[in-house]
There are 2 protein chains.
Amino acid sequence: MAERGRPRGFDADAALDRAVEVFWRQGYEGASLSDLTDAMGINRTSMYAAYGNKEELFRRAVNRYAEADMAYAREALTRPTGYAVIAAFLHANVDAITRADRPAGCLSVQGGLADGGDNGRVAEFLAASRLTGEQALADRLSRAVAEGDLPADTDPVALARYVMVVSEGNAVHAAAGAERAALHATVDIALRAVPGHAAADADA
Amino acid sequence: MAERGRPRGFDADAALDRAVEVFWRQGYEGASLSDLTDAMGINRTSMYAAYGNKEELFRRAVNRYAEADMAYAREALTRPTGYAVIAAFLHANVDAITRADRPAGCLSVQGGLADGGDNGRVAEFLAASRLTGEQALADRLSRAVAEGDLPADTDPVALARYVMVVSEGNAVHAAAGAERAALHATVDIALRAVPGHAAADADA
DNA sequence: GTTCTTCAGTACCGAACGGTACAGAAACCC
DNA sequence: GGGTTTCTGTACCGTTCGGTACTGAAGAAC
């Protein structure tokens, strides 16, 4: 069936991209509806009609962010070995959180950490969103153990958590203005803890 | 000279401790003046007379947090070797951000990351506060290189940044409800990247 | 062309925000 | 005890918050 009535006068996905950027730069609480609608180029009423409310807009923005701006993470999972997956993910992550044409840092970290006030649900939602990625990585590393390119005694869950910890810590640094090269250097150090790093994992 | 007029009816330091906890749990923006003064047990006017305004109260709260709740960091710097310093710091950090009687995570991380809205100065202040600790660690590691207990080609600045990245990533995880044991396991992995880890640093 | 549905925009809602004026009370100095 | 100084408490300031009626206009179906 065709859509009745007057069709929407703006591109909902394009507007969502603008919302992503505002939330990314200012966080959930710091982004007011006026900030959002101004950036999206639409009216307050149109926003409510299209997305429901501010929290729902944020959830959709985060989902879109996970799809578009974190595509590198899914790409990294396709690398042939556990070590290659981790190295690709961490280096691509650094590039993503230090892009000149995007806000510094990571939306799913600086969007909201504290659980006080009206954004308790938001912090939970972001935590769950991050955990999804962590579990996907753990699954991939588990397969790497099964395939033998990670040592048999490797704990894939713990290793995945370590990798995410490094990426989140880098995001905090990036939000504070750290240089891209510095964060790549951090990754180079971090990778020394990963089984498969050249001659650096004699024990484990 | 003795103090003139009616003396203050509350303990300013004790009240500040309460404020630390509110900011820690709810972040700068998420903590309203009513939340703060209720927890501090004092009146709105008394708070303004004693601390100036909300942002100044936050700065003092962060400074007190750095003194009291992060004493473990200064203690860690006294360990005899670079590796021991890092191991002590990271493990003590995990305990600090997962204390049952305190909010989860780290005030200087979740206090405010985004620079939007009215808290741009706050994010900058926190970043500077974190950088102070990072530089103190870098100085200590530089001494470790000079003293020979870290390899001569170690970059103390990069290594200090790596350590802080791990601690900040752990703080993000802790704020999301991660278990203490899991974060200690993360630290155990992270330490494998540090020169001096048992037989694990063949290269570098 | 008529009707109906959905859009866009203004103007507004009550509530909460950070911050302050003002009045009264309490403790010091003399 | 008088005078002064500083604290405490209430009540309020203007602003901004997220969210919503309500008015027109625009387009599709018939």
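Here the P atom of nucleotide dG18(C) and the CG atom of L33(B) are 4 Å apart, to the nearest Å. Rounding to whole angstrom units, CG of residue D38(A) and P of dG18(D) are separated by 12 Å. At whole-Å resolution of the value, OH in Y48(B) and P in dT10(D) are 17 Å apart. Rounded to whole Å, atom P of dA8(C) lies 8 Å from atom CD1 of I42(A). Atom CG of N43(B) and atom C1' of dG9(D) are 5 Å apart (whole Å). Between the CD atom of Q26(B) and the P atom of dC17(C) there is a distance of 10 Å, given to the nearest Å. The CD-P distance, from E29(B) to dC17(C), rounds to 13 Å in whole Å. Rounded to an integer number of Å, the gap from CG of L57(B) to P of dG18(C) is 11 Å.
Listed nucleotides: dG18(C), dG9(C), dT8(D). Nearest to the side chain of F10(B): dT8(D). Comparing dT20(C), dG19(C), dC17(C) by their closest approach to the side chain of T45(B) singles out dT20(C). Closest contact between the side chain of R44(B) and the listed nucleotides dC17(C), dT10(C), dT20(C) involves dT20(C).
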Before giving the answer on side-chain contact (heavy atoms from CB on, under 4.5 Å), spell out for I97(A) and L183(A) the whole-Å C-alpha distance, their side-chain angles and the decisive distance to 0.1 Å. CA-CA 10 Å; I97(A) 64 183; L183(A) 298 186; 4.1 Å; yes
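Contact check, S46(B) against dC7(D): no side-chain N or O comes under 4.0 Å of OP1 or OP2. At the phosphate of dC17(C), OP1 or OP2 sits under 4.0 Å from a side-chain N or O atom of S32(B).
R130(B) has no carboxylate O lying under 4.0 Å from a charged side-chain N of E134(B), or vice versa, which leaves the two without a salt bridge.
With 3.5 Å as the limit, one finds no donor-acceptor pair spanning the side chains of D139(B) and S142(B).
Judged by a 6.0 Å distance limit and a 45° cone about the ring axis, K54(A) is positioned over the six-membered ring of Y28(A). For the pair R60(A) and Y51(A), the cation does not sit on the ring face, since its NZ or CZ is not both under 6.0 Å from the ring centre and inside 45° of the axis.
A31(B) comes within 4.0 angstrom of sugar-phosphate atoms only, judged by non-hydrogen atoms across all strands, and of no base.
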